[in-house]
Q: 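Take a look at the following structure, please.
Just the heavy atoms: all of them, side chains too, but no hydrogens, waters or symmetry mates, feed the values below.
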Amino acid sequence: MTADFSIGLVEVSGLGDAIIMLDDMCKAADVEFVATERRLGGRLVTIVVKGEISAVKAAVDAGVQRAKSCGSYKASRVIPRPHTEVLPYLHLDEKKNIEPKSETAGTHVGTVGEDNEKPAAVKRGRPRRKKTEESK
């Protein structure tokens, strides 16, 4: 089963360039900003938009042109009528449109959870060693 819209993805280096590029994409065509994925501490940013195939292609082309002029272009793709199994990866639901399930590294647009509560902080890294009598 496939969706009745298309998805466009453009990856750039740097959040500032991604925001400028997204502005150009939204001005170039009638597309809707869906999500952003940040990797490597924000050094790689992927912008995801959705809409009609022609609008998505025009938006991606405008985004690629802007990213190349900034020197931050990495990759781009247009997925016409994506399979419904792809939609949960982007937290898209055909009935609810955008339904984020978590907020990790600022990856999603919209509210967080049902009560707009932020998720609990997660400890990262190696657990600390407990001091023993010998090490004191």
Q: Give the minimum heavy-atom separation between Leu87 and Ala3, together with the two atoms involved.
A: CD1-CB, 4.2 Å

Q: Of all heavy-atom pairs between Ala28 and Ala58, which one has the smallest distance, and what is that distance?
A: CB-O, 4.3 Å

Q: Any side-chain heavy atom of Thr36 within less than 4.5 Å of one from Leu22?
A: no

Q: Between Lys50 and Val56, what is the shortest heavy-atom contact and its length?
A: C-CG2, 3.9 Å

Q: What pair of heavy atoms forms the shortest contact from Val45 to Ala18, and how long is it?
A: CG1-CB, 3.6 Å

Q: Applying side-chain hydrogen bond (donor to acceptor under 3.5 Å, both in side chains) to Glu11 and Thr46, what does each step give before you reach the verdict?
A: CA-CA 4 Å; Glu11 185 174 68; Thr46 305; 3.2 Å; yes

Q: CD1 of Ile47 to CE of Met21: how many Å apart, nearest 0.5 Å?
A: 5.0 Å

Q: Identify the heavy atoms of Ser6 and Pro82 that sit nearest to each other, and give their distance.
A: CA-CD, 4.2 Å

Q: Working to the nearest 0.5 Å, report the span between CG of Leu15 and CD1 of Ile20.
A: 10.0 Å

Q: Is the shortest side-chain N to carboxylate O distance from Asp61 to Lys57 below 4.0 Å?
A: no

Q: Hey, could you give me the CD1/CD1 distance between Ile79 and Ile53, rounded to the nearest 0.5 Å?
A: 10.0 Å

Q: Give a yes or no on this: more than 12 heavy atoms of other residues, nucleotides or ligands lie within 6.0 Å of atom CG of Asp30.
A: no

Q: Would you call Leu9 and Val60 a side-chain contact if the rule is heavy atoms closer than 4.5 Å?
A: no

Q: Are Arg81 and Asp4 packed together at the side-chain level, in the sense that at least one heavy-atom pair is separated by less than 4.5 angstrom?
A: no

Q: Hey, does Glu32 have a side-chain heavy atom less than 4.5 Å from the side chain of Val49?
A: no

Q: Using a 3.5 Å cut-off and no angle test, enumerate the donor-acceptor pairs between side-chain atoms of residues 67-74 and protein atoms at least two apart in sequence or in another chain.
A:
{"unit_1": "Ser69", "atom_1": "OG", "unit_2": "Arg66", "atom_2": "O", "d": "2.7"}
{"unit_1": "Ser72", "atom_1": "OG", "unit_2": "Asp17", "atom_2": "OD2", "d": "3.2"}
{"unit_1": "Tyr73", "atom_1": "OH", "unit_2": "Ser76", "atom_2": "N", "d": "3.3"}
{"unit_1": "Tyr73", "atom_1": "OH", "unit_2": "Ser76", "atom_2": "OG", "d": "3.0"}

Q: With rounding to the nearest 0.5 Å, note down the distance linking CD1 in Ile7 to CZ in Arg77.
A: 14.5 Å

